[in-house]
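These notes are about the structure you will find just below.
Side chains included, hydrogens not; waters and symmetry mates left out as well; all remaining heavy atoms used. Convention: sequence-line order gives letters A, B, ...; per-chain numbering from 1.
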Amino acid sequence: MSELAINHCSKYFKKDAINFCAVQPITMHVESGQFISIIGPSGCGKSTLFNMIAGLERPSEGEITLSGMPITGETGHVGYMLQKDLLLPWRTILDNVIIALEIRGMSRKEARQRAIPMLQKYGLGGFERDHPDALSGGMRQRAGLIRTLLDDKQVILFDEPFGALDAQTRLQMQNWLLKIWNEFKKTVLFVTHDIDEAIYLSDEIYVFTKRPGRIKAKVQVDLARPRNETTMMEARFLQLKRELLLMLNEERPHPEFDGNEGDAHGG
Amino acid sequence: MKVMPMAGKTKAPSPGLFIEDRSRRAKRIRRRAIIGQMAIGLLILVLWEGCTRFGWLDSYYWSSPSTIVRVGWQAVVHGSLLSDLAYTSGATILGFIAGTLIGSAIGLSFWWSELYSRITEPYMIAINAIPKLALAPVLVIMFGIGFDSKVVLAFLMTVIVAAIAAYSGVCNIDKDLEKMLISLGAKRHHVFLKVVVPSSIPWMVSTLKINISLALAGTIVGEFISSRQGIGRMILYAGQVLDIDLVWVGVVVLSFLSIVMYLGTVWLERLLMRGRTPKS
Ligand SMILES: Nc1ncnc2c1ncn2[C@@H]1O[C@H](COP(=O)(O)OP(=O)(O)O)[C@@H](O)[C@H]1O
Ligand SMILES: [Mg+2]
């Protein structure tokens, strides 16, 4: 059975008295342990889709299930990471990563004991007592992911998590994420602008159309794992990249119709 | 000056090499500033003393530092200066604590309901606009000429300022932080305790210094209106019997009290802002 199922979910907003479609009905079934990427033009509704899965926004129609259990409109079932690290600046790194455990009612002491080995194992040893502003962007994103891992959800959503990092750091983070994904066997949904990143990380890539978004294509990434930097030079990698690039180019909004491509249902 | 080699990192630099050391420069400036500040203070005292002693300033109005110390000492030994000081500072500190805590609680409570905060906001602004000191006579009638009316005045002076500060904190919360916590399954009370309160602390802290002096002003006006104790009452009484030296003693004591309480809020601010960079 698929782990996460999105059944015919769409999202409408009302803007200036007109119903405005942000996401067209989407159906997606994600198997347990898969790494899925979503690419598409900006504004096509990727973040809106994630907000619906995370329960922060209610879909206009459709249903979301996790292991067969309906979770539509409910928070706390999946992990969610954004481009902003969203660490609490007044807390140390250690106290930041335990926040989900604290919310669940675990004592700080016990939560810290559980978090310290994680921080040490995944590259943040020695930073436990530092505040986020003392860390680099990459290190802060690591802390953000460890916070999500300690929350221990099977499915994790990533919304352009490495978008603000420089190329060098981003590659490091991608390798680090692959390692963690492999060790923890999580199911990952990953939104990115970066085609290389999508191919390098994923089992499967969903390409979205421009707004209002729907699934345009589903591309299997049949590259062997484990992957490393040389994977990016393989002929198959470049072939996939070419395919995806052409698909995305078709979705570039035409400048003369700019801002008018939304589906307007009279209101 | 001997140059220490940096252990293991570099070879010993040749003597005469210019080594930039900003911390030493900063330390030197700090030391010189303190010396300069003390020199100016001393100069003012000497000029004041000299001018009144040689008759360039009328010592009847201006008193003089030595007289103030002498009269002040008498007020301590024979009068009630110390218990007056305790009375005034006690009312100020109690009013300040109550005003800050209750005001902050009011400001933070606006986070819970947008409707409630929208309805209340204009009244907060209106209450803030009332010159509360002008209400002092009414308050003294309501709460009596004792300690209570002073505390109430100090409280009223601070409560709205604290509420507005906490509310600004609430308005400036990063919505994404709330969203992150909610996505982790947090309930509203978790968001309140783990995000709203801590992220508003810098705003609340930023008004402590203003509020302690507002509280002191409230207490003193209360004592001016009607009181049996307090530095404010002592000054009023001394003025009425034309004991201007004693008025000066009161002013100097209040200045010291004000400085001490200011330093107290600086310490409190440090305590509350531990591990954070202050709000710019
Ligand atoms: N709360 C909202 N109210 C109105 N419009 C919204 C809201 N959230 C998103 N949108 C609109 O929906 C569209 C999709 O946004 P988003 O999901 O952020 O796109 P993406 O993440 O793919 O860049 C955008 O046009 C955006 O302006
Ligand atoms: Mg987005």
Task: Any residue of residues 163-194 of chain B which, by heavy atoms, sits under 4.5 Å from chain A - done: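 If one takes a 4.5 Å heavy-atom cut-off, the residues of residues 163-194 of chain B near chain A are B:Asp174, B:Asp176, B:Leu177, B:Lys179, B:Met180, B:Leu181, B:Ile182, B:Ser183, B:Leu184, B:Gly185, B:Ala186, B:His190, B:Lys194.
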
- [ ] Could you tell me which residues in residues 96-115 of chain B have at least one non-hydrogen atom under 4.5 Å from a non-hydrogen atom of chain A, sorted by residue number?
- [x]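 No residue falls under the 4.5 Å cut-off.
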
Checking heavy atoms, do the side chain of [X], its backbone, both or neither come under 4.5 Å from chain B?
X: A:Leu86; answer: both
X: A:Leu157; answer: neither
X: A:Arg91; answer: side chain

TODO: Please check if atom CZ in A:Arg108 has more than 12 non-hydrogen atoms from other residues, nucleotides or ligands closer than 6.0 Å.
DONE: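 Enclosed.
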
TODO: Can you establish whether the number of heavy atoms outside B:Tyr116 located under 6.0 Å from its atom OH is more than 12?
DONE: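 For B:Tyr116, atom OH is crowded (more than 12 foreign heavy atoms under 6.0 Å).
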
TODO: Using salt bridge (Lys or Arg N to Asp or Glu O under 4.0 Å) as the criterion, list what pairs up with A:Asp130, not counting sequence neighbours.
DONE: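 Residues passing salt bridge (Lys or Arg N to Asp or Glu O under 4.0 Å) with A:Asp130: none at all.
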
Distance-only donor-acceptor hits, side chain of residues 33-42 of chain A, under 3.5 Å, sequence neighbours excluded:
unit_1: A:Gln34; atom_1: OE1; unit_2: A:Glu31; atom_2: N; d: 3.1
unit_1: A:Ser37; atom_1: OG; unit_2: A:Ser202; atom_2: OG; d: 2.5

